[in-house]
Amino acid sequence: FITSYQPKQYCAMPTASEITLEYVCPLLGCLAANFMFAAPLKDVRRAVSRGTLGSLNPTPWAVMTGNCIGWVTYSYLIQNQFVFWANAPGLILSVYFNLTAVKLQYCDRVSTSMRSSFIQLLEEN
């Protein structure tokens, strides 16, 4: 079995515009997306320390979860790391935000019902 000699072919170096469009811009998009997803973190921590949601609206966090699930699934299907890393941290944060909101709403409801039960008990006596 004889093979013919073929010299190694070297790849051409990517141009600056290719590097910018294929790596720099997607990386900046990842950073922007992660900053956007982390924006409510300060307010959520403040709500946890107070023990109540107060005027904080948790509805966008449910939408954020669905959005991130869709994009993470899509990134897996197209095998794109930039889309994945732009949305996977958002998915984790949105789950944390939603679980925290549920906990705070439950605590709010329990404390309100306990307060009203205690008032009713005092009125009966």
Side-chain angles (χ1 to χ4, degrees):
F1 187 77
I2 300 174
T3 60
S4 63
Y5 171 76
Q6 292 184 353
K8 284 188 173 180
Q9 302 228 346
Y10 293 98
C11 296
M13 288 209 32
T15 64
S17 64
E18 288 174 338
I19 291 172
T20 302
L21 293 174
E22 291 181 22
Y23 298 102
V24 175
C25 289
L27 185 61
L28 292 174
C30 285
L31 292 173
N34 285 305
F35 282 124
M36 180 187 65
F37 290 134
L41 191 58
K42 183 179 176 183
D43 293 325
V44 171
R45 286 186 176 167
R46 188 177 307 125
V48 168
S49 69
R50 282 192 222 143
T52 182
L53 280 175
S55 64
L56 197 57
N57 182 9
T59 306
W61 305 333
V63 176
M64 187 169 128
T65 303
N67 175 59
C68 290
I69 287 172
W71 280 109
V72 167
T73 303
Y74 177 69
S75 73
Y76 177 76
L77 293 174
I78 66 168
Q79 298 293 305
N80 188 316
Q81 293 291 317
F82 291 111
V83 175
F84 178 82
W85 290 112
N87 291 283
L91 179 60
I92 293 167
L93 282 170
S94 69
V95 168
Y96 167 72
F97 295 155
N98 283 303
L99 291 175
T100 302
V102 168
K103 174 186 157 195
L104 290 173
Q105 287 176 335
Y106 175 76
C107 290
D108 247 359
R109 180 168 275 256
V110 167
S111 72
T112 302
S113 73
M114 291 291 282
R115 214 174 296 131
S116 66
S117 297
F118 185 69
I119 291 171
Q120 285 175 354
L121 180 67
L122 288 177
E123 288 174 352
E124 289 175 4
N125 291 330

Is there a path from [X] to [Y] through hydrophobic residues (I, L, V, M, F, W, Y) whose side chains come within less than 4.5 Å of each other?
{"X": "L41", "Y": "L104", "result": "yes"}
{"X": "L91", "Y": "F97", "result": "no"}
{"X": "V24", "Y": "L21", "result": "no"}

| remark: side chain to side chain donor-acceptor pair (under 3.5 Å) pairs touching residues 76-86, sequence neighbours excluded, are Q81-W85
| query | For residues 54-72, which residue pairs qualify under side chain to side chain donor-acceptor pair (under 3.5 Å), counting only residues two or more places apart or in two chains? | reply | N57-T59, T65-S94, T65-N98, N67-W71
| field | Shortest non-hydrogen contact from G90 toward N34 | value |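 Shortest heavy-atom separation between G90 and N34 comes out as N-OD1, 4.4 Å.
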| Closest approach of A101 and P58, non-hydrogen atoms and distance? | CB-CB, 3.7 Å
| ILVMFWY clustering at 4.5 Å (side-chain atoms), partners of M13 | none
| Linking Ile, Leu, Val, Met, Phe, Trp and Tyr through side-chain heavy atoms less than 4.5 Å apart, which residues share a cluster with I92? |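 So far as hydrophobic clustering goes, I92 is joined with none.
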| task | Give every residue pair that meets the salt bridge (Lys or Arg N to Asp or Glu O under 4.0 Å) criterion with at least one member in residues 17-45, sequence neighbours excluded. | result |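 Non-adjacent pairs meeting salt bridge (Lys or Arg N to Asp or Glu O under 4.0 Å): D43-R46.
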| query | Crowded around Y74 OH? As in, over 12 foreign heavy atoms under 6.0 Å? | reply | no
| field | Approximate separation, where rounding is to 0.5 Å, of L93 CG and M64 CE | value |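 If we round to the nearest 0.5 Å, L93:CG and M64:CE are 5.5 Å apart.
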| Sequence neighbours excluded - ring-ring contact (aromatic ring centres under 6.0 Å, His included) pairs with any residue from residues 33-60 |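 Counting only pairs at least two positions apart or across chains, no ring-ring contact (aromatic ring centres under 6.0 Å, His included) contact touches residues 33-60.
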| request: Only counting residues at least two apart or in another chain, list the ones meeting side chain to side chain donor-acceptor pair (under 3.5 Å) with S49. | output: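 Checked S49 against side chain to side chain donor-acceptor pair (under 3.5 Å); zero matches.
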